[in-house]
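Data block below; observations after.
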Amino acid sequence: MCLRVSVLGLLVMCCTFARERASADEAVADASPTTTINVFGSTMTVPAAFTAAEKQSRIIAHEFAASDDGGETARVTMMAAGGGIQANLDRWKGQFGGDDKEIGDTKEFKSGPFNAYLLKVSGKYAETMGGGPFSGGRKVMRDNYAMLGAILVKPIAADGSGPSYFIKMIGPKSVIESNADAFETMIKSVE
C-alpha cells in the first residue's frame with residue numbers, strides 16, 4: 001500500500017512539474033528576444049518590440065521597425081556619423097515644417113561612456129526620396145509625422161568631442177508617441 005501511494009505521489013509531482021515547466025516555456029517563447037548593438041565598443045539593447053527590418057540605405061548600420069496598435073510603422077535607424085552636434089540637431093529640426101510643427105527641448109544626459117543628446121520634433125516631415133538628406137533627391141511631404149533623434153558622442157578629446165552615433169525613429173506621430181519610452185530606454189541602456 002505504501003509503495004502504491006508513493007508511486008502515485010511521484011506521478012502527481014511529475015505531472016505538476018511538467019505542467020509548470022510547459023507554462024514557463026510558453027512564457028519564454030512569448031517574450032520576444034532583445035537585440036544588442038555594438039556602439040564603438042559599448043553595447044546598446046534594442047527593445048524586443050522593435051523588429052529587424054531591411055536597411056533602406058547602405059549608410060545605415062542597423063534598421064528596425066516600430067509599430068503602434070493601429071498597425072502603422074516607423075523606421076528606427078542607427079549609424080555612425082559625423083558633423084557637429086548642434087548642426088545635426090538643427091538639420092533634423094529643419095526637416096519638419098507646417099503649422100503644427102513642434103520642437104521639444106534637447107535632453108542631455110550620460111549613457112554609459114557617451115554624452116547623449118535626445119530631440120523630439122513633429123509636424124510635416126520632408127522625406128528625401130533616394131540618396132539621403134544631402135543628395136538633392138525628390139522630397140515627399142508627410143503630414144502628422146514625428147522624429148525622436150539621438151546623438152551619442154564618445155568623448156575622447158579634451159573638449160568632449162569624439163565619434164558620434166545617430167539613432168533616429170521617424171514615422172507617424174502616433175507610432176513615435178507610443179514608442180517614445182522604449183526608444184529613450186534604449187538610448188539609456190548603453191553600457
Side-chain angles (χ1 to χ4, degrees), residues 35 37 39-40 44 46-47 49-109 111 114-154 161-190:
T35 301
I37 301 297
V39 181
F40 302 129
M44 180 176 65
V46 178
F50 294 1
T51 57
E54 185 176 336
K55 295 186 282 186
Q56 295 183 25
S57 170
R58 290 177 308 196
I59 65 171
I60 303 295
H62 304 281
E63 185 158 340
F64 296 86
S67 59
D68 66 6
D69 292 337
E72 292 194 277
T73 60
R75 289 179 70 196
V76 180
T77 59
M78 304 174 186
M79 62 186 232
I85 296 162
Q86 195 58 51
N88 280 294
L89 294 173
D90 289 344
R91 181 173 55 81
W92 294 350
K93 293 172 190 176
Q95 293 173 327
F96 286 82
D99 294 339
D100 60 343
K101 180 176 179 175
E102 293 180 26
I103 301 173
D105 293 330
T106 301
K107 293 182 183 180
E108 296 181 31
F109 52 89
S111 183
F114 292 88
N115 295 325
Y117 304 86
L118 179 65
L119 173 68
K120 180 180 179 188
V121 186
S122 64
K124 184 179 279 197
Y125 175 60
E127 182 177 6
T128 303
M129 304 302 286
F134 305 111
S135 69
R138 177 175 65 94
K139 289 195 185 327
V140 175
M141 301 308 289
R142 307 277 185 201
D143 289 327
N144 203 26
Y145 256 52
M147 177 191 68
L148 274 171
I151 301 174
L152 298 176
V153 179
K154 189 170 189 176
S161 63
S164 298
Y165 201 79
F166 291 4
I167 302 107
K168 297 194 306 185
M169 180 169 57
I170 302 172
K173 190 174 182 179
S174 64
V175 179
I176 304 308
E177 289 175 349
S178 65
N179 288 281
D181 290 341
F183 185 88
E184 189 166 341
T185 298
M186 174 178 69
I187 302 305
K188 291 180 176 178
S189 74
V190 179

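From a predicted model like this one, the values you see are computed outputs, not experimental measurements.
A salt bridge links Lys120 and Glu177; the closest N-O separation between the charged side-chain nitrogens and carboxylate oxygens is under 4.0 Å.
Annotation for Met169 and Ala74: closest pair CG-CB, 4.1 Å, computed over non-hydrogen atoms. Residue Met186 comes nearest to Met44 through the heavy atom pair O-CG, 3.3 Å, listed as atom of the first residue, atom of the second, then distance. When every heavy atom of Gly123 is checked against every heavy atom of Phe96, the shortest pair comes out as N-CD2, 3.7 Å. Pro172 and Thr73 get closest at one heavy-atom pair: CD-O, 3.2 Å. When all heavy atoms of Ala66 and Val175 are compared, the closest pair comes out as O-CG1, 3.5 Å. When all heavy atoms of Ser189 and Ser111 are compared, the closest pair comes out as N-OG, 4.1 Å.
Considering only heavy atoms from C-beta on, Lys93 comes within 4.5 Å of Asp90 through its side chain. Side-chain atoms of Tyr165 and Ile37, non-hydrogen and from C-beta on, do get closer than 4.5 Å to each other. Proximity of Met78 to Phe64: side-chain heavy atoms (C-beta onward) are separated by under 4.5 Å at one or more points. No side-chain heavy atom of Tyr117 sits under 4.5 Å from any side-chain heavy atom of Asn88. Counting heavy atoms from C-beta on, the side chains of Leu119 and Ile151 never come closer than 4.5 Å. Phe114 is listed as a side-chain neighbour of Val39, based on a closest heavy-atom distance under 4.5 Å. Residues Glu102 and Asp100 are not in side-chain contact: their nearest non-hydrogen atoms beyond the backbone lie 4.5 Å or more apart.
Between atom CD of residue Gln56 and atom OG1 of residue Thr77 there is a gap of 9.5 Å, rounded to the nearest 0.5 Å. The CD atom of Glu127 sits 9.0 Å away from atom CZ of Arg138, with the distance rounded to the nearest 0.5 Å. Separating the OG atom in Ser174 from the CG atom in Asp69 is a distance of 9.5 Å, to the nearest 0.5 Å. The distance from atom CG of Asp105 to atom CG of Leu118, rounded to the nearest 0.5 Å, is 11.0 Å.
Between Tyr145 and Tyr125, the ring planes are parallel. Angles under 30° get that label, and only those over 60° would be called perpendicular.
In terms of modelled atom types and a separation under 3.5 Å, the side chain of Lys154 and the main chain of Phe40 share a donor-acceptor contact.
Cation-pi geometry between Lys188 and Phe109 is satisfied (NZ or CZ under 6.0 Å from the ring centre, within 45° of the ring normal).
Within a 6.0 Å sphere centred on NZ of Lys101, heavy atoms belonging to other residues, nucleotides or ligands number more than 12. Within a 6.0 Å radius of NZ in Lys124, other residues, nucleotides and ligands contribute 12 heavy atoms or fewer. Under a cut-off of 6.0 angstrom, the local environment of CD in Glu54 is sparse, with at most 12 non-hydrogen atoms contributed by other residues, nucleotides or ligands.
Here Phe166 and Trp92 bring their ring centres to under 6.0 angstrom of each other.
Leu148 pairs with exactly one of Asn179, Ile187, Val121, Ile176 by the side-chain contact (heavy atoms from CB on, under 4.5 Å) rule, that one being Ile176. The salt bridge (Lys or Arg N to Asp or Glu O under 4.0 Å) test with Glu63 singles out one residue from Lys55, Arg58, Arg75, and that residue is Arg75.
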